[in-house]
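Single-structure report; data block below.
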Amino acid sequence: MNTNRRQFLTISAALAAAGTVGLPLRGAFAADKIKIGFSQGTMNHPWRIAMVEVNKKYAAEHYPDLDIIVTDGNNDAAKQVADVESLLTQGIKVLVISPLTEQALTPVVKDAMAQGIPVLTLDRKVNTQVTCHLGGLNLPLGEGAGKFLLGALPKGGNIIELQGTAGASATNDRHKGFESAIAGNSAFKVVAQQNCDYTRDKAVKFMEDMLQRFKPGEIQAVYAHNDEMALGAIQVMEAAGRLDGVKVIGMDGQNTAFQAIKDGKMSACFIYPFCAPEGIETAYKMAKGESVDKEIILPTVQVSSENVDQYLGKGI
């Protein structure tokens, strides 16, 4: 059983005990409930599972008149498009979507808006107007990671960048922000980069290849677009006895990442909020016809050895 599957089962078991896993039961009065479609691009790691389950749990506790229909795109843009097309036929009042990629999901989101169905995008964006976008700012996160390395490696160094899903707005911004932060310093060089889809397994395979390509001492930093990939890189380098002296940066805010910082294995993690319960709070207002801001920006936080004790046990 791979790491992602174990984490999924652990989270699911905990939430099942609270009665929150699975789609809401549709009883005799389901027709009287407000339907909200929730299209998740993928449920392949803890951060995205938390986005769905924490919003569902909050809705169960605060909005008994809601019927949330959740779909999982399984990391496949074509499937997510089909998921949304199906949701649009089910009488939903609001479409909540965290799009896998920016361009592929734009047409179907545009269709939803044209049909008069309000759309709330979470975390990632599409290339068309929506009712509201809610999430953190990814460009400054990338800039923050770059600035952290400028301070942590005053002599510069070679960097491996583990990027997220190609075409996702978060991936684009986390790359651009980082690139802009180190651009003025010729002592820093990104010597290899790869789209690893925000998954640990792909990051592990790529890092194994990189340790074959680069000799000991030739890699000074690993910048990963999320914690899962950062932890995968740490796993590989530690097993090879090559983690010492390498600065590893991740993003999201997993408990395992905070512990890795505490243990001296990871240098920094940038907490990116998983849009819960703010997501369902905003969607409920939209379903009730209340006005919401066009964009709701959630705060992000840098965690390093200096402040990690404040966050241990408080992540996802």
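Everything quoted here is computed from the prediction, not taken from an experiment.
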Check your understanding: Any donor and acceptor pair, going by atom type alone, linking the side chain of Thr300 with main-chain N or O of Ile271 inside 3.5 Å?
Key -> no

Check your understanding: So, does Asn158 use its side chain to make a donor-acceptor pair with the main chain of Glu218 at under 3.5 Å?
Key -> yes

Point to revise | Side-chain heavy-atom pair Thr128, Met113 within 4.5 angstrom cut-off | key: no

Check your understanding: Would you call Leu66 and Ile36 a side-chain contact if the rule is heavy atoms closer than 4.5 Å?
Key -> yes

Practice item. Return yes if a side-chain donor-acceptor contact under 3.5 Å exists between Gln163 and His225, otherwise no. Key: no

Review point. Tell me, do Val303 and Phe270 make a side-chain contact under 4.5 Å, heavy atoms counted?
Key: no

Review point. Can you tell me how far CD1 of Ile160 sits from CE of Met229, rounded to the nearest 0.5 angstrom?
Key: 13.0 Å

Review point. In terms of side-chain geometry, is the basic nitrogen of Lys125 or Glu295 positioned less than 4.0 Å from the acidic oxygen of its partner?
Key: yes

Check your understanding: Checking Asn185 side chain against Ile182 main chain: does a donor-acceptor pair fall under 3.5 Å?
Key -> no

Check your understanding: Hey, is the main chain of Thr171 close enough, under 3.5 Å, to the side chain of Tyr198 for a donor-acceptor pair?
Key -> yes

Point to revise | Interatomic spacing from NZ in Lys93 to CD1 in Ile117 - rounded to 0.5 Å | key: 9.5 Å

Review point. Does one side chain, of Gln80 or Ser39, offer a donor that lies under 3.5 Å from an acceptor on the other?
Key: yes

Check your understanding: Between the main-chain N or O of Asn127 and the side-chain N or O of Thr106, is there a donor-acceptor pair closer than 3.5 Å?
Key -> yes

Exercise for review: Tell me whether the guanidinium CZ or amine NZ of Arg174 lies under 6.0 angstrom from the six-membered ring centre of Tyr272 and within 45° of its axis.
Suggested key: yes

Practice item. Classify the side-chain pair Tyr58/Glu281 by whether it contains a donor and acceptor separated by less than 3.5 Å. Key: yes

Practice item. Only one of Leu312, Asp227, Asp263 passes side chain to side chain contact (heavy atoms under 4.5 Å, CB included) with Phe258; say which it is. Key: Leu312

Review point. With Arg48, which of Asp197, Asp252, Asp123 fulfils salt bridge (Lys or Arg N to Asp or Glu O under 4.0 Å)?
Key: Asp123

Point to revise | Point-to-point distance, once rounded to the nearest 0.5 Å, from CG of Asn55 to CD1 of Ile280 | key: 5.5 Å

Point to revise | Check: Cys269 and Ile249 side chains under 4.5 Å, non-hydrogen atoms | key: no

Review point. Are the side chain of Arg124 and the backbone of Thr101 linked by a donor-acceptor contact shorter than 3.5 Å?
Key: no

Study note, to complete from the structure: CD of Glu179 to CZ of Phe188, rounded to nearest 0.5 Å, is 15.0 Å

Study note, to complete from the structure: d(Met286 CE, Leu95 CG) to nearest 0.5 Å is 8.5 Å

Point to revise | Min side-chain heavy-atom separation Ile97-Leu122 under 4.5 Å | key: no

